[in-house]
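Here the structure is a predicted model, which is why all the values come from computation and not from measurement.
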Amino acid sequence: MILRKPTSRFILLAFTLLLLFGFFAIVNSSESNPVENGDEDLEGLEELLALDEEEENQQQDGANLRTSEAKVLSKAQRIVLELSNDKSERVIEQNEYVLLLGYAPWCARSAELMPHFAEAANSLRELGSPILMAKLDADRYPKAASALQIKGFPTLILFVNGTSQAYTGGFTAEEIVIWVQKKTGVPVINISSLNEAKEFLKKHHMFVVGRFEKFEGPAYEEFFKAASDDNEFQFVGVSDIEAAKVLFPDIKPSNNFLGLVKDEEERYSAYEGGFEREKILHFLEHNKFPLVTKLTEMNSIRVYSSPVKRQVLIFADDEEFKDLLEPLQNVAKKLKSKVMFISIDIANENLAKPFLSLFGLEESDRIVVAAFDNGMSSKFLLESDPTPSNIEEFGRGLHDGTLSPYFRSQPIPNNEGASIQVVVGRTFDELVLKNPKNVFLEVHTPWCITCEATSKNVEKLAKHFKDFDNIVFARIDASANEHPKLQVDDYPTLLFYPASDKSNPIKVSSKGSLKDLAKNISKLLKSEEHGSGKDEL
């Protein structure tokens, strides 16, 4: 008798039965003690299931929102025309207005600007703008990039009937839209009704509003001129007082009124000057930034070029800064248009480190408050706790010119028994300028290639002149120490400070031999004894 092998169908049936028996066993086990578990466990289970369901719904809502945003961005990106070597010139010649973004895939700033550019393209299409938004991978198409004068990344260029114009606007989607509309249409949108004002407010978050009895006359003409020259704000003219109140609720009842509306804590700023183009533009320049401006790669150029030259910088991580923001805004209101307050994420090395290195604090992970008077090229450091009251006092001191400039200094070293005195920023006055003896100072930096050889020669000179009681040898690391009386930009530098006139040091050449250096020092000492010296040896 031949036994057949079990068929696959039989095996599947057996496996299914085993699963069913296992399931019933688990169910019976879980229900074996209903009295012990009771209704409390059931209620707890229902509550847990409800929480799980709520969390799932929230996650689903978040996922739906992200999906929706991604779809909008994807649609916007498709609106932007991708150019190449073959069609770039043809596209520009065939369209009246083209805003071109030149980018490189590896450029971080290009990647940051791209979604703003795409969002602006979408908004401009909805507004019925005649402009064509285009982009060119300049890394992939260098020939086209060169022909279109794209030299850096990212680059924005407006072409009007084939003629290029430099882009001078901001880099958020709204700022791009405003700039494009003003360059391709009328600089002022005039509104005559309440409904028009409400519709305008839905589309614009930052704008300049002017109220006039009629859209004509000297005041309106100056308003229009300012709108034509400004590149950052949409100007809107309004005649009806109720419509004006929609845009600027606290508007004054006078016929000629101008106000700035921003999307931030201090939303409304009223202009109180005369209606002259230059004065209006001056008001906008000094009031366009938020009370506390967060520095980013995209706005850095605008911040650095601000006409408000006195700037307080707060370096902190984003979480720490949240607790400081509101009190800082209150401080900034008191010094508005006089001192600019800027926050910088201390973890962002590209933005924070270049500033912090000027104070020798590039490795700091605590809150740092510093200031710059760009008009005088001076820097300042808040050395007390960064409380709102201390920051306010620091800001007022910056405005009033009562702060002492900050100069870097290493810790004061122990020079006891040293043949060469190590000078730091804090001891420069004492060891050099107020020293009753002649001082021979070596100024060096760690990264200077020839400084090491010069340092060895100075050490030998110090030994050679050790029995002379009228000269002190000293050195200072200029990369870590500063002093207002030490202005050196070439290293190594050797300076002889005569005992009789410390305000006019004599520069000594470091290029000669050790013997030449010794002779020069001897001459300087003899000249000092006889009351004469030379400017340089």
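When ring centroids are compared, F117 and F171 stay outside the 6.0 Å threshold.
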Exercise. Check step by step if salt bridge (Lys or Arg N to Asp or Glu O under 4.0 Å) holds for E319 and K322.
Key: CA-CA 5 Å; E319 286 302 314; K322 285 179 182 177; 3.1 Å; yes

Exercise. Determine, stepwise, if the pair Y103 / F153 fulfils ring pair (Phe, Tyr, Trp, His ring centres under 6.0 Å).
Key: CA-CA 5 Å; Y103 72 97; F153 311 114; 8.4 Å; no

Quiz item: How far apart are the C-alpha atoms of R277 and D229, what are their side-chain angles, what is the distance that settles it, and do they pass the salt bridge (Lys or Arg N to Asp or Glu O under 4.0 Å) test?
Solution: CA-CA 9 Å; R277 182 184 64 87; D229 290 346; 2.6 Å; yes

Exercise. Under the salt bridge (Lys or Arg N to Asp or Glu O under 4.0 Å) rule, what do K202 and E199 come out as? Steps first, then yes or no, please.
Key: CA-CA 5 Å; K202 289 178 183 178; E199 286 301 314; 3.1 Å; yes

Quiz item: Given F159 and Y97, is the ring pair (Phe, Tyr, Trp, His ring centres under 6.0 Å) satisfied, shown in steps?
Solution: CA-CA 6 Å; F159 291 90; Y97 299 109; over 10 Å; no

Quiz item: Should T172 and E175 be marked as a side chain to side chain donor-acceptor pair (under 3.5 Å) after you check the CA-CA gap, both sets of side-chain angles, and the distance that decides it?
Solution: CA-CA 5 Å; T172 66; E175 288 169 338; 3.2 Å; yes

Quiz prompt | Worked verdict on N161 versus T163 for side chain to side chain donor-acceptor pair (under 3.5 Å) | solution = CA-CA 6 Å; N161 293 319; T163 301; over 6 Å; no

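Proximity of N190 to V238: side-chain heavy atoms (C-beta onward) are nowhere separated by under 4.5 Å. Using a 4.5 Å cut-off on side-chain heavy atoms (C-beta onward), S228 and K225 make no contact. Side-chain contact between M206 and Q234: absent, with no pair of heavy atoms (C-beta onward) separated by less than 4.5 Å. Contact of the R366 side chain with the E320 side chain is not registered, since no non-hydrogen atoms from C-beta on lie closer than 4.5 Å. Between L295 and Y304, the closest side-chain pair of non-hydrogen atoms falls below 4.5 Å. Looking at heavy atoms from C-beta onward, I344 lies out of side-chain contact with I314 at the 4.5 angstrom threshold. Two residues are said to be in side-chain contact when any heavy atoms from C-beta on lie closer than 4.5 Å; S306 and Q311 meet this criterion. Two residues are said to be in side-chain contact when any heavy atoms from C-beta on lie closer than 4.5 Å; L258 and I280 meet this criterion.
Relative orientation of the F212 and F275 rings is perpendicular, given thresholds of 30° and 60° on the angle between their planes. Between F235 and F223, the two ring planes are tilted [angle within 30° to 60°]. Taking the six-membered ring where tryptophan is involved, the planes of W447 and Y491 are perpendicular, since the angle between them exceeds 60° and thus also 30°.
Formation of a donor-acceptor pair under 3.5 Å by the S129 side chain with backbone atoms of R125 is not found in this model. Of the possible donor and acceptor atoms, one in the side chain of S123 sits under 3.5 Å from a partner among the backbone N and O of E119.
Closest heavy-atom contact between A243 and S193: CB-O, 3.6 Å. Contact detail for N231 and W179: the closest heavy-atom pair is O-CD1, 3.3 Å. For the residue pair K182 and F233, the shortest heavy atom distance occurs at NZ-O, 2.8 Å. The two atoms that bring A244 and I251 nearest to each other are CB-CD1, 3.5 Å, heavy atoms only. Nearest heavy-atom pair across A478 and T445 is CB-CG2, 4.2 Å. When all heavy atoms of F224 and P187 are compared, the pair lying nearest together is CZ-CG, 3.5 Å.
Heavy-atom contacts from other residues, nucleotides or ligands closer than 6.0 Å to NZ of K333 number more than 12. In E349, the CD atom is not crowded: 12 or fewer heavy atoms of neighbouring residues, nucleotides or ligands sit closer than 6.0 Å. Residue K338 qualifies as open at atom NZ: its count of foreign heavy atoms under 6.0 Å is 12 or below. By the neighbour-count criterion of 12 heavy atoms within 6.0 Å, atom NZ of K143 is sparsely surrounded, having that number or fewer from other residues, nucleotides or ligands. Heavy atoms from other residues, nucleotides or ligands lying under 6.0 Å from NZ of K294 number more than 12.
When the options F359, Y406, F380 are evaluated for a ring pair (Phe, Tyr, Trp, His ring centres under 6.0 Å) with F372, the one that passes is F359.
Between R408 and E482 there is a salt bridge, since a side-chain N of the basic residue sits under 4.0 Å from a carboxylate O of the acidic one.
There is a side-chain donor-acceptor pair under 3.5 Å between T387 and N390. One side chain, D477 or S479, offers a donor N or O that lies under 3.5 Å from an acceptor on the other. Using modelled atom types, one finds no donor on one side chain facing an acceptor on the other under 3.5 Å when comparing Y141 with D86.
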